[in-house]
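Below is one structure, written out as structure tokens; the observations come after it.
In listed order, ligands and their atoms are each counted from 1. Just so it is clear, the model here is predicted, and its values are computed rather than measured.
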Amino acid sequence: MPHIVVVGSTMIDMIAYAQRLPGAGETVQGDTFALGFGGKGANQAVMARRCGAKVTMVNTLGDDVFGDTTLKNFLEQGVDTEFINRVPGPSGVAPIWVEPNGTNRIICVPGANNAMTTEQVESALSAMPEIDLVIGQLEIPQAVTAAAFRSAQARAIPTILNPAPFAPISDELLAAVDWLIPNESEFAALHPEGKQPESDQIIEEFAKMLKMRVVVTLGEAGAAYSDRGNPVVRISAPRVSAIDTTGAGDSFVGAFSFALSSGLSESESIRLGCLCASESVTRLGTQSSYPTADQAAELIRSVRGS
Ligand code: RIB
């Protein structure tokens with residue numbers, strides 16, 4: 001069982017589903033509302049855990065009821081919470097709007113996520129003797145993720161950065177990233193000339209420039225991978241009918257991370273990521289839409305040796 005450490009965010013997702021989203025100054029009526037567990041870090045942790053990894057979450061929660069329920073959710077999911085701190089004030093929340101075609105718009109209000117410190121993550125990582133992979137995103141202070149990745153790098157532990165939501169990445173963080181997993185818009189925002197990942201050549205040049213392994217998630221088109229500029233490998237995703245894409249990218253990262261640290265090949269790991277993400281978009285909600293442990297086990301069997 002690989003040990004994955006997620007140094008990242010937790011949010012409570014407040015999801016409104018509507019036929020049409022409001023413009024400025026407009027009110028529209030919605031169809032459904034759901035309150036659920038989210039935050040890119042938490043989602044990736046839960047997906048990796050459902051696939052079968054031992055997962056430790058490093059995060060800071062507020063002292064509110066959202067913090068209590070988030071902790072309870074992690075315990076129910078089997079995610080280790082030993083290195084989750086609590087501080088006075090609100091936990092992170094994410095109001096989300098979803099259209100009938102499954103497209104979402106998200107506002108993250110980080111709250112206690114922003115209270116994470118470099119000391120917290122350095123002492124958490126040093127207290128864990130066996131770690132196979134460290135994952136980060138951009139929903140907590142970048143200096144904190146950079147500190148965690150530097151600690152990982154010093155112990156030759158691979159790191160995965162999911163640069164979401166997009167923000168310019170500091171040089172100190174970039175220097176400690178082994179795997180970068182952007183979606184199309186994050187790729188374009190990170191590209192020095194703003195190019196979309198439209199061709200193998202563009203992706204190869206980007207991965208070569210960064211000297212990293214880059215996996216670009218392409219929604220229903222699957223994913224494209226280049227190892228530091230080597231020829232792109234494309235993995236397709238199954239055709240599904242999407243009703244809610246919220247958290248699909250996180251499902252990809254969590255499943256991919258499990259597979260990679262379990263010794264599956266890069267292609268198999270990307271395939272598992274695509275399968276889990278594709279399943280997630282067929283159900284409403286964020287973590288609630290992810291494959292269960294039994295469903296994940298079936299998907300893992302289907303990718304082994306594929
Ligand atoms: O990627 C989806 C996630 O983004 C949601 O769970 C929301 O909390 C935001 O972090």
Legend entry - Contacting atoms of ligand 1, where contact means under 4.0 angstrom from a heavy atom of D250: 1 (O), 2 (C), 3 (C)
Inset, instruction - Go through ligand 1 atom by atom and flag the ones less than 4.0 Å from a non-hydrogen atom of G39. - result: 5 (C), 6 (O), 7 (C), 8 (O), 10 (O)
Inset, instruction - Apply the test salt bridge (charged side-chain N to carboxylate O under 4.0 Å, His left out) to residues R86 and D68: give CA-CA distance (whole Å), side-chain angles for both, the deciding distance (0.1 Å), then the verdict. - result: CA-CA 10 Å; R86 305 289 296 265; D68 298 343; 2.7 Å; yes
Inset, instruction - Identify whether NZ of Lys or CZ of Arg in R213 sits under 6.0 Å from the centre of the six-membered ring of W179 and within 45° of that ring's axis. - result: yes
Inset, instruction - Mind checking the OG1-OH spacing from T292 to Y290? Nearest 0.5 Å is all I need. - result: 14.0 Å
Legend entry - Test item: T56 and T81 side chains (from C-beta on) under 4.5 Å apart, heavy atoms: no
Legend entry - Atom indices of ligand 1 within 4.0 angstrom of C108 heavy atoms, with elements: 9 (C), 10 (O)
Inset, instruction - Provide the full list of side-chain hydrogen bond (donor to acceptor under 3.5 Å, both in side chains) pairs with a residue in residues 8-31, sequence neighbours left out, each pair given once. - result: S9-E139, T10-N59, D13-T286, Y17-D244, Q19-D31, R20-E26
Legend entry - Enumerated ligand 1 atoms positioned under 4.0 Å from heavy atoms of D13: 5 (C), 6 (O), 7 (C), 8 (O)
Legend entry - T246, any N or O under 3.5 Å of ligand 1 N or O: no
Legend entry - Numbered atoms and elements of ligand 1 in range of M11, under 4.0 angstrom, heavy atoms: 8 (O), 10 (O)
Legend entry - Which residue and heavy atom of the protein sit nearest atom 4 (O) of ligand 1, plus the separation: K40 NZ, 3.0 Å
Inset, instruction - Could you list the atoms of ligand 1 found under 4.0 angstrom from a heavy atom of E139? - result: 4 (O), 9 (C), 10 (O)
Inset, instruction - For a side-chain hydrogen bond (donor to acceptor under 3.5 Å, both in side chains) with S91, tell me which candidate from N113, T69, D64 qualifies. - result: D64
Inset, instruction - Any atoms of ligand 1 less than 4.0 Å from a non-hydrogen atom of G247? List them with their elements. - result: 1 (O), 2 (C)
Inset, instruction - For A94, counting its heavy atoms only, list the atoms of ligand 1 lying under 4.0 Å from any of them. - result: 7 (C), 8 (O)
Legend entry - Short N or O distance, G38 and ligand 1, threshold 3.5 Å exclusive: no
Inset, instruction - Would you please classify the geometry between the F256 ring and the F252 ring as parallel, tilted or perpendicular, with 30° and 60° separating the classes? - result: parallel
Inset, instruction - Decide whether Y225 and F206 are clustered together by the hydrophobic rule: side chain heavy atoms of Ile, Leu, Val, Met, Phe, Trp, Tyr closer than 4.5 Å, transitively. - result: no
